[in-house]
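No experiment lies behind these values; they were computed from the predicted model shown. Index from 1, following the sequence.
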Amino acid sequence: MSKILSIILLCFLVMPLVSSNEKVGVVLSGGGAKGLAHIGVLKALEEHDIPIDYITGTSIGALIGGMYTSGFTIDSIISIVKSDDFQNWASGQIDEKYNYYYKKQQPNASWISLRFNVDSIWHPRLPTNLISPVQMDFAGMVYFSGVNVASNRDFDSLYIPFRSVAADIERKKPVVLRQGDVYDAIRASITYPFVFRPIMIDNRLLFDGGIYNNFPVDVMIQEFNPDYIIGSAVGMVVRPLRRDDIRSQLENLVVFPTDYDIPDTLGFTIRPEVPEVGLTDFRNADKLIELGYEAAINNIEHIRNNISLKVDKEERRKRREAFTSKIPDLLFDDVSVKGVNPSQEQYIRNLLMIKDAPVDANTIKPFYFKLLAEDHIELIKPMALYNQQTGYYTLCLDISVDKSLVLQFGGNISSSPVNQAYIDAQYLYLGYRASTIGINAYFGRFYSSMHLKGRMDFPGPVPFFFETSLTMSYYDYFKSTTAFFEDRTPSYLLQNYNFYEFLAGIPAGNNGKVTGGITTGRNRDDYFQDHSFSRIDTADRTTLDFLSPFIHYEKYSLNCKQFPNRGSRMLVSLRYITGDERHTPGSTSKLEESSKEDHKWFQIRFLYEDYFRRYGLVDLGFYSELLLSNQDFFSNYTSTLLASPAFRHVPQTRIHFLPNYRAHNYVVAGLNTMVNITDNTGVRIGGYIFQPYRQITIDPEDFTAYYNEPFKMRYFLGTAAIVVNTAIGPLSFSMSYFDRHDEKFAFSLDFGYLIFHNLPLR
């Protein structure tokens, strides 16, 4: 009897020791945005006091697991993944407040851009990623630099020991990351091929761990050998291979089959029933987290029955605080730059202008994104290096200078007669100054142009630039709807613009700039003053030799160069024009003698466009424009119209000669509505009212111009388009309605951009 009692007593003494040594590992699969369900799983485990002693993760599992093991609470993780910043990291979009418009080039019709080194022109650099990592990398530095200090870069010393799995496609095997920079380990694991740019760790180029091991149960066993394993599996189902489906081909090419089952003797797999979503579609974060939580709650009793140990909230809190208390505040007192030569380093330091050290990350961030706006810089890898003596960090920037030669190609393919090709070549040089020399050209029957430009940027407390350019443009308005074959109907209006411009500019906040300068050149118009002409008739000709100083203020944050549905644009422009008009009558003119006249006038333009509200799938936008001038009449009605400012906001108004939408003084107001069918497809509807102060009217007796009564006429313009935004440009089917015009409706199927060079006086 005493022997039995001794055995029972011994069991009671040993059992607590066994329970206290019981270890639980959690394995989080890859699966893109569906992996937000892992947050719900971890939340349920915490609420039911399930211990979490180790975590291994792949891809999105590495991201969620890495945040949790770094001391982030469930609530803080949820707050991060639901934030606008997180959406921007996933999409690669730069937040509007960091969109440094001062460095942006004028919109053009390019579809693709290729970069070369001058000494290796036959080896262009093709894009390796669809989504820019610049925001994600900066956020990773901010969130994990202190974690690296607290753990001494050892993943076993994190709040919870952690392993991240990446893929080495050169050696065709998975890579287990157990030390180093926590963010780099996460970043490598989430680098899905062609979506995110791969990174180098220990001289290995690493990609998404899901390629070879999307559910690292084996890593959990080999690295930690816990008593029980809880898995959360949301791995994607690889589509059947189809000849016409490139995504299915890519998935079958790079993703190995994965077994998401954990044997009953080792643990249990939670399988949240998550619907298929896009790889980086995190818009339904709440729903995805809730599905993970529900799946874990539904299986919590089964898990509880296999784990005897409990860890309550207070114990977790103390353990988490013990780790996070070792994380030093992220304050920078120095900057280190590598990857560039001394003159480039000086330019970069002058651009950053970080003063009054130490400074926090929020102070540095605007300067960091100004640096990223440089066309001359390809990539920045930021890192915060901690100095134990000072208690501050050094901001280490590993900078890759971009290729020096840039070639762009694009244009517009249309069912209407405005087909055109676009080509652009630029040479970039970065030294103590940033310099750009470029030439571009449009080729088409309706519009042809050549533009040469040189720009030099000077960094400093108030950065500024000088730019000089020469532009030669040619418009040919002809009576035809012919698009792809020869048309024998003669042109009725030809416009030539040749001008030289010198300007200087400074930034005005992140989204604005102020420019001022002078333009000089010659405008030449060849035209018939009525529709009764033949091929043997000669056209009237009007030339204007002009000089025009100007100053502009512009603020710009639109998300697309054509058909935008986010952001805003504001332009305030003041010009003074002085010029000599010369008119040579043609064979159909009512005037017989040539004439010459001097003109002087001021022109003020105010333009404001804003996409201000989203209601579900509908984006609402507003457009307004005000033009004021004291411009006088030219020698005849047609030349007066041609020299007058025109409403050109809608693409179709740029390719039609519309007398009713030209005036010396006018106001325009309109609404734009975009109904988003999918992320890339929508229906765009717009309506505008054009109100001239006094309409320019023709005197039928001598074809001269005179003003109508103030505010007597006004005109409506309507547009509707189905727009599909592809990777290289928009595909659109559009219809426009022109009030009281000879041809009221215009239809067009286009691929590409109807974007032309800016005209200084129009």
Side-chain angles (χ1 to χ4, degrees), residues 101-102 104 106-107 467 469 471 473 475 495 497 499 501-506 508 511-521 523 544 546-558 561 564 567-579 599-610 621-634 640-651 653-654 657-670 672 686 688-696 707 710-711 714-715 717 755-762:
Y101 181 60
Y102 166 76
K104 301 294 184 183
Q106 289 294 324
E467 182 175 306
S469 64
T471 305
S473 294
Y475 289 83
Q495 292 184 287
Y497 303 98
F499 58 91
E501 191 164 75
F502 175 82
L503 60 90
I506 59 173
N511 291 330
K513 64 180 176 181
V514 176
T515 56
I518 191 165
T519 309
T520 183
N523 296 342
L544 177 69
F546 68 92
L547 183 71
S548 175
F550 65 89
I551 185 168
H552 300 324
Y553 167 74
E554 188 171 16
K555 187 176 181 181
Y556 190 101
S557 61
L558 296 177
K561 53 189 176 181
S568 63
R569 181 193 179 198
M570 182 172 70
L571 172 68
V572 181
S573 173
L574 173 63
R575 273 190 179 274
Y576 173 73
I577 303 102
T578 178
H599 297 275
K600 294 179 175 63
W601 72 93
F602 286 96
Q603 184 183 94
I604 300 173
R605 185 189 298 268
F606 174 79
L607 183 154
Y608 184 66
E609 179 180 7
D610 185 18
F622 173 78
Y623 179 86
S624 62
E625 183 179 349
L626 173 67
L627 192 289
L628 301 174
S629 78
N630 61 339
Q631 185 173 353
D632 56 355
F633 296 127
F634 276 39
T640 300
L641 275 183
L642 293 173
S644 301
F647 173 55
R648 295 166 58 86
H649 173 65
V650 178
T653 61
R654 301 168 199 160
F657 180 59
L658 303 169
N660 291 342
Y661 302 92
R662 290 173 175 258
H664 291 157
N665 296 272
Y666 64 79
V667 62
V668 179
N672 294 316
Y688 307 88
I689 295 175
F690 181 87
Q691 175 64 71
Y693 170 54
R694 292 185 295 181
Q695 185 180 18
I696 301 171
Y707 285 130
F711 302 111
R714 66 190 55 85
Y715 299 92
L717 189 148
I755 297 176
F756 311 131
H757 287 130
N758 290 334
L759 300 177
L761 308 187
R762 311 299 168 89

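- In this structure, the side-chain hydrogen bond (donor to acceptor under 3.5 Å, both in side chains) partners of R569, at least two apart in sequence or on a different chain, are E554.
- In this structure, Q603 and S629 approach most closely via the heavy-atom pair CA-CB, 4.0 Å.
- Within the model, atoms CZ of R714 and CZ of F690 stand 12.0 Å from one another, a figure rounded to the nearest 0.5 Å.
- With contacts defined as side-chain heavy-atom distances shorter than 4.5 Å, the pair F756/S473 does not qualify.
- With S557 contributing its side chain and S568 its backbone, the two residues share a donor-acceptor pair below 3.5 Å.
- Across all non-hydrogen atoms, the minimal contact from L627 to A663 is CD1-O, 4.5 Å.
- At least one side-chain heavy atom of L717 sits less than 4.5 Å from a side-chain heavy atom of F647.
- The two residues L574 and H552 come nearest to each other via the heavy atoms N-ND1, 4.4 Å.
- Y556 and P107 get closest at one heavy-atom pair: OH-CG, 4.3 Å.
- R654 places a side-chain N or O within 3.5 Å of a backbone atom of H649 that can act as its donor or acceptor partner.
- Looking at residues two or more places apart in sequence or on another chain, you find a ring-ring contact (aromatic ring centres under 6.0 Å, His included) between F711 and Y693.
- Between the CD1 atom of I577 and the CH2 atom of W601 there is a distance of 5.0 Å, given to the nearest 0.5 Å.
- Using modelled atom types, one finds a donor on one side chain and an acceptor on the other under 3.5 Å when comparing Y707 with H664.
- For the residue pair R575 and S548, a side-chain donor N or O sits within less than 3.5 Å of a side-chain acceptor on the partner.
- Remark: side-chain polar atoms of N672 are not paired, donor with acceptor, to backbone N or O of F622 under 3.5 angstrom.
- We find the CZ-OG1 distance between R662 and T640 to be 11.5 Å, quoted to the nearest 0.5 Å.
- Residue N630 holds its CG atom at 11.5 Å from NZ of K600, rounded to the nearest 0.5 Å.
- Here the shortest heavy-atom pairing between F657 and P659 reads O-CD, 3.4 Å.
- Y475 approaches H757 most closely through the heavy-atom pair OH-O, 4.4 Å.
- Here Y661 and Y666 keep their ring centres 6.0 angstrom or further from each other.
- Looking at Q631, its side chain does come within 3.5 Å of a backbone N or O of A643 through a donor-acceptor pair.
- Checked against H599 for a ring-ring contact (aromatic ring centres under 6.0 Å, His included), the options F634, F633, Y576 give a single hit: F634.
- How far CG of N660 is from CD1 of I696: 11.0 Å, rounded to the nearest 0.5 Å.
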Which side-chain N or O atoms in residues 513-520 pair as donor and acceptor under 3.5 Å with protein atoms at least two apart or in another chain?
unit_1: T519; atom_1: OG1; unit_2: E501; atom_2: OE2; d: 2.6
unit_1: T520; atom_1: OG1; unit_2: F546; atom_2: O; d: 3.1

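- Taken from OG in S573 to CZ in F606, the straight-line distance is 12.0 Å, to the nearest 0.5 Å.
- The closest donor-acceptor contact from the side chain of N523 to the backbone of L544 lies at 3.5 Å or more, if one exists at all.
- Atom NZ of K555 sits in a sparse spot, with 12 or fewer heavy atoms from other residues, nucleotides or ligands closer than 6.0 Å.
- Taking the side chain as every heavy atom from C-beta outward, T471 and Y497 never approach each other to under 4.5 Å.
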